[in-house]
Amino acid sequence: DAFYDVAADGGGGFVTAGVNRDDKGKGVGVLVGFDAKHAKVWDAPLAIGSFDTALWSLTHGLDGGWVAGGGADVGQGGGTPPNYKGWVVWLSAGKAGTAPLMAGNVVLDPTTPQDPDFKGTKIAMVMDVHVRADGSALAAGTVGARSGAKGLTDAAVWVVGADRKLLKTYVWGGPQNDSFEAVAWWQGQLRGFGSQGVSTTAPKWYDVRDTPTKTDCDDGNACTVDACNAKDGCTHTAVANGTACGTGLACNAGQCAAK
């Protein structure tokens with residue numbers, strides 16, 4: 001059993017994210033809420049079906065709820081370590097003193113970007129989640145294979161829209177194991193922070209920036225029209241209010257929100 005991330009709840013208490021394992025080692029992702037006196041108030045077990053699941057990251061959602069990230073062994077052949085798919089889950093705010101309820105989730109498929117034909121055990125793990133002002137989420141972690149595949153694991157950022165659909169995947173990597181442990185959106189840039197496995201005993205920390213260019217000004221926001229020009233670079237103009245941006249969602253002042 002372990003906790004991997006913590007966030008304040010706005011009322012003097014805090015919420016932790018982690019994994020709870022049984023006596024056979026099978027894990028269930030878990031969020032645990034504590035009050036200002038550090039007493040446990042609630043716990044919320046979370047898993048993809050009956051598969052081994054863990055949560056490694058936690059952040060605030062825009063609606064007062066939570067967004068967590070992790071991974072789960074979804075039975076793609078087993079192995080050691082097991083095949084994992086990445087997982088991002090949204091939770092409602094819930095009533096005071098009660099556990100939040102799952103409001104939606106996205107499962108991220110494992111791939112081997114540098115070795116597309118690899119058939120062995122693959123993993124995708126979400127180590128950090130950042131929610132942007134438009135309701136979309138950046139999930140950072142690692143994707144690839146621990147052994148056997150060219151390039152092994154690569155650092156990855158998955159961009160998930162406000163409608164909880166995968167929009168884009170960014171991957172960076174070399175010949176060794178690479179990963180992102182943190183992600184942020186700062187001044188229009190995607191900032192990933194992680195380790196580049198130049199060797200297994202001396203990883204180097206690095207910062208990758210992705211700035212929109214003339215050939216790719218997509219900001220991941222369904223409520224803006226993206227364009228570029230020589231004078232201003234990328235521009236993002238809000239679409240008309242009421243434009244649909246997902247099931248039950250509509251644009252308002254350039255942001256996707258519930259109707």
Side-chain angles (χ1 to χ4, degrees), residues 1-23 25-48 51-73 84-108 124-142 156-160 162 164 179-186 190-195 205 207 255 257-258:
D1 301 342
F3 289 135
Y4 297 108
D5 204 1
V6 62
D9 67 2
F14 57 95
V15 177
T16 59
V19 60
N20 183 21
R21 298 195 178 279
D22 61 22
D23 55 3
K26 183 178 179 179
V28 173
V30 64
L31 298 184
V32 182
F34 296 85
D35 63 20
K37 295 182 178 180
H38 299 177
K40 188 178 84 168
V41 179
W42 53 262
D43 62 78
L46 297 165
I48 301 177
F51 298 113
D52 186 288
T53 307
L55 296 175
W56 293 295
S57 59
L58 177 68
T59 192
H60 293 276
L62 298 183
D63 58 356
W66 304 93
V67 181
D73 173 9
Y84 263 80
K85 281 192 175 185
W87 196 35
V88 182
V89 55
W90 284 259
L91 299 108
S92 63
K95 296 181 180 179
T98 64
L101 300 176
M102 186 188 298
N105 71 102
V106 172
V107 177
L108 305 169
M125 297 181 178
V126 175
M127 308 305 294
D128 191 30
V129 178
H130 173 83
V131 177
R132 297 194 287 188
D134 64 358
S136 62
L138 305 175
T142 188
V157 174
W158 295 270
V159 182
V160 181
R164 295 163 191 171
S179 67
F180 282 141
E181 280 78 39
V183 67
W185 184 256
W186 182 71
L190 169 63
R191 305 287 296 272
F193 303 88
S195 57
W205 291 91
D207 163 14
Q255 304 297 322

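In this text, all values refer to a predicted model and were calculated from it rather than measured experimentally. Residues take their numbers from the sequence shown, with the count starting at 1.
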Participant: Using the side chain to side chain donor-acceptor pair (under 3.5 Å) rule, collect all pairs that involve residues 54-69, keeping only residues at least two apart or in two chains.
Facilitator: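 Applying side chain to side chain donor-acceptor pair (under 3.5 Å) to every pair that reaches into residues 54-69, excluding sequence neighbours, yields nothing.
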Participant: Mind running side chain to side chain contact (heavy atoms under 4.5 Å, CB included) on Tyr4 and Leu58 for me, showing each step along the way?
Facilitator: CA-CA 9 Å; Tyr4 297 108; Leu58 177 68; over 6 Å; no
Participant: Can you tell me if Asp1 uses its side chain to pair, donor with acceptor, with the backbone of Arg21 under 3.5 Å?
Facilitator: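 Indeed, once roles are kept as given, a pair shorter than 3.5 Å links the two residues.
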Participant: Return the set of residues passing side-chain contact (heavy atoms from CB on, under 4.5 Å) with Phe14 (not counting sequence neighbours), or none when no residue passes.
Facilitator: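 Val6, Thr16, Phe34, His38.
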Participant: Output all residues satisfying side-chain contact (heavy atoms from CB on, under 4.5 Å) with Val41, sequence neighbours left out; order by chain, then residue number.
Facilitator: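 Per chain and number, Val41 pairs via side-chain contact (heavy atoms from CB on, under 4.5 Å) with Asp35.
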Participant: My understanding is that only residues two or more places apart in sequence, or in another chain, count here; which of them pass side chain to side chain donor-acceptor pair (under 3.5 Å) with Asp134?
Facilitator: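 Per chain and number, Asp134 pairs via side chain to side chain donor-acceptor pair (under 3.5 Å) with Ser136.
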Participant: If I compare all heavy atoms of Thr142 with all of Ser179, which pair ends up nearest, and what's the gap?
Facilitator: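 Shortest heavy-atom contact: CB-CB, 3.7 Å.
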Participant: Does Arg164 have any side chain to side chain donor-acceptor pair (under 3.5 Å) partners at least two apart in sequence or in another chain, and if so, which?
Facilitator: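 None.
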Participant: Measure the CG-CG distance between Leu31 and Asp5 for me, rounded to the nearest 0.5 Å.
Facilitator: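 Atom-to-atom, Leu31:CG and Asp5:CG are 10.0 Å apart.
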Participant: Suppose we screen for side-chain contact (heavy atoms from CB on, under 4.5 Å). Which residues come up paired with Ala162, at least two apart in sequence or across chains?
Facilitator: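 Ala162: side-chain contact (heavy atoms from CB on, under 4.5 Å) contacts with Cys256.
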Participant: Where the side chain of Asp128 meets the backbone of Ala140, is there a donor-acceptor pair that is under 3.5 Å apart?
Facilitator: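 Judged by distance alone, no pair lies under 3.5 Å.
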Participant: Got a list of side-chain donor-acceptor pairs under 3.5 Å for residues 97-106, not counting sequence neighbours?
Facilitator:
residue: Thr98; atom: OG1; partner: Lys95; partner atom: N; Å: 3.1
residue: Thr98; atom: OG1; partner: Lys95; partner atom: O; Å: 2.6
residue: Asn105; atom: OD1; partner: Trp87; partner atom: NE1; Å: 3.0

Participant: Taking all non-hydrogen atoms of both residues into account, name the closest pair between Gly33 and Val15 and its distance.
Facilitator: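 Heavy atoms of Gly33 and Val15 come nearest at CA-CG2, 4.3 Å.
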Participant: If every non-hydrogen atom of Val107 is compared with every non-hydrogen atom of Lys85, which pair is closest and at what distance?
Facilitator: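 Between these two residues, the closest heavy atoms are CG1-CD, 3.3 Å.
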Participant: So Leu138 and Arg191, do their side chains get closer than 4.5 Å, heavy atoms only?
Facilitator: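 No, side chains not in contact.
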Participant: Could you note down all residue pairs passing salt bridge (charged side-chain N to carboxylate O under 4.0 Å, His left out) where residues 36-46 supplies at least one of them, sequence neighbours left out?
Facilitator: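 For residues 36-46, and leaving out neighbouring residues, the salt bridge (charged side-chain N to carboxylate O under 4.0 Å, His left out) pairs sorted by first residue read Lys40-Asp43.
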Participant: If you take all heavy atoms of Ala137 and Trp90, which pair is closest and at what distance?
Facilitator: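 Scanning both residues, the minimum pair turns out to be CB-CZ2, 4.2 Å.
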Participant: Partners of Ala47 by side-chain contact (heavy atoms from CB on, under 4.5 Å), sequence neighbours excluded?
Facilitator: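 Applying side-chain contact (heavy atoms from CB on, under 4.5 Å) to Ala47 gives Val28, Thr53.
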